[in-house]
Protein chains: 2
Amino acid sequence: MDRIDSSLVALRRILRATEMSGRELAQSAGLTAVQLRVLQVIGETGQTTAKAISMRMHVSQATVTALVDKLVSGGMVVREKSMTDRRQTNILITDRGRQTLEDAPDPLQQLYVQRFKQMEDWEQAMLVAALERVATMLDAEDLQAGAILTTGDLNKTE
Amino acid sequence: MDRIDSSLVALRRILRATEMSGRELAQSAGLTAVQLRVLQVIGETGQTTAKAISMRMHVSQATVTALVDKLVSGGMVVREKSMTDRRQTNILITDRGRQTLEDAPDPLQQLYVQRFKQMEDWEQAMLVAALERVATMLDAEDLQAGAILTTGDLNKTE
DNA sequence: GTGAAATAATTAGTCCTGCTAATTAAAATA
DNA sequence: TATTTTAATTAGCAGGACTAATTATTTCAC
């Protein structure tokens, strides 16, 4: 097995582990992985719009509406008509939503962080460099693809 | 931003780029990402069973049945009762299925391989080591979780 | 300033993926 | 042989995603 194979297999193991832990965690939080993701995005600023979420997550506005509906019915967020532009609806996180976010940390983190901390300094540095290298390799296409990516997107949660 | 954050952000960029390229590619191949994944699994050995796929992909047999239905109606695979154990149904890839696989290489590969090849030897080695390190960190849980993982799973496609 | 175009959110309707529970058939075992 | 286990399917359900159409508002060109 050559290096390309090895690295692809490793990437797939990573993707898969992430996917599975996402499911588990979302379940324990009473939300699905996607719903949690939306809540995280809203929680970053505390308030946002459907449009902003849809751009940030590269998902249609209709999908966002459906997801926000779920969060609203779970009491995680509330909708509120914007006063500056009345076409817009602001979506605000509630105390309960914040609490949920705190109780349900990012699925990746749970698995990853404790192990990462145990590593030696040089290895941590190497890992970060390697991951960033791969990320750059993979999402360079994205940058060419469209004007959707903005500065905010560089810190994207998913 | 500390190293943990950096590496988590990088991981998310990787996940996201993969997800998006998976969508695009599956679309151009006339199959969804999941269907393509199933076809890849079948293509590895040329022939397998629903049970094997469901274990390999950690998905219920009912889901596999539905996915294989799609592939059958697309002419990518055929079903054939096993003669050694008549409870089983062998799923065989067709020429057309093979062709589709060739035309639609793994989404990850498309993006990744050409860039990987351009890297210097030492950097390739470092990347592989780093990725495997992360993969091990993340899917160690899996190994404890159940007896589902077998040797075959270590080469899993997804 | 009015009318046309653009923007924001939603609704309606569809597809795909996944699940569980129940069913059918065959094999293994006690 | 009778029971249990295994393999696949069917039926029915839910979540997440999409497009197209609708409703309000805002912007902009004339």
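Convention: sequence-line order gives letters A, B, ...; per-chain numbering from 1. Computed from heavy atoms alone, side chains included, the values below leave out hydrogens, waters and symmetry copies.
Applying the salt bridge (Lys or Arg N to Asp or Glu O under 4.0 Å) definition to pairs two or more places apart or across chains, those involving residues 85-97 of chain B are B:Asp85-B:Arg87. Note on residues 59-82 of chain A: pairs passing salt bridge (Lys or Arg N to Asp or Glu O under 4.0 Å), not counting sequence neighbours, are A:Asp69-A:Arg79. Counting only residues at least two apart or on different chains, no salt bridge (Lys or Arg N to Asp or Glu O under 4.0 Å) pair has a member in residues 46-55 of chain A.
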What's touching nucleotides 13-15 of chain D from the protein side, N or O pairs under 3.5 Å?
none

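Using a 4.0 Å cut-off, no side-chain N or O of B:Arg79 falls inside it from OP1 or OP2 of D:dA8.
Heavy atoms only, all atoms of each residue included: B:Thr49 and B:Ile91 are closest at C-CD1, 4.0 Å.
Residue A:Leu92 belongs to a hydrophobic cluster whose other members are A:Val78, with links defined by side-chain heavy atoms closer than 4.5 Å.
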Open item on the list: What does the B/S/- profile of nucleotides 20-30 of chain C look like, 5' to 3', with a 4.0 Å heavy-atom cutoff to protein?
Closed with: B-----BS---
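With contacts defined as side-chain heavy-atom distances shorter than 4.5 Å, the pair A:Val128/A:Phe116 qualifies.
Atom pair A:Glu80:CD and C:dA8:C1' shows a separation of 16 Å (rounding to whole Å applied). At whole-Å resolution of the value, CD in A:Gln88 and P in C:dA6 are 19 Å apart. Between A:Ile91 atom CD1 and C:dA9 atom C1' the separation is 9 Å, expressed in whole Å.
Judged by distance alone, the side chains of A:Thr63 and A:Ser60 do bring a donor and an acceptor atom under 3.5 Å apart.
Among the protein residues, A:Thr49 comes within range of the sugar-phosphate backbone only, with heavy atoms under 4.0 Å from sugar or phosphate atoms but none that close to a base.
The side chain of B:Ala50 sits closest to D:dA8 out of C:dT10, D:dA8, C:dA8.
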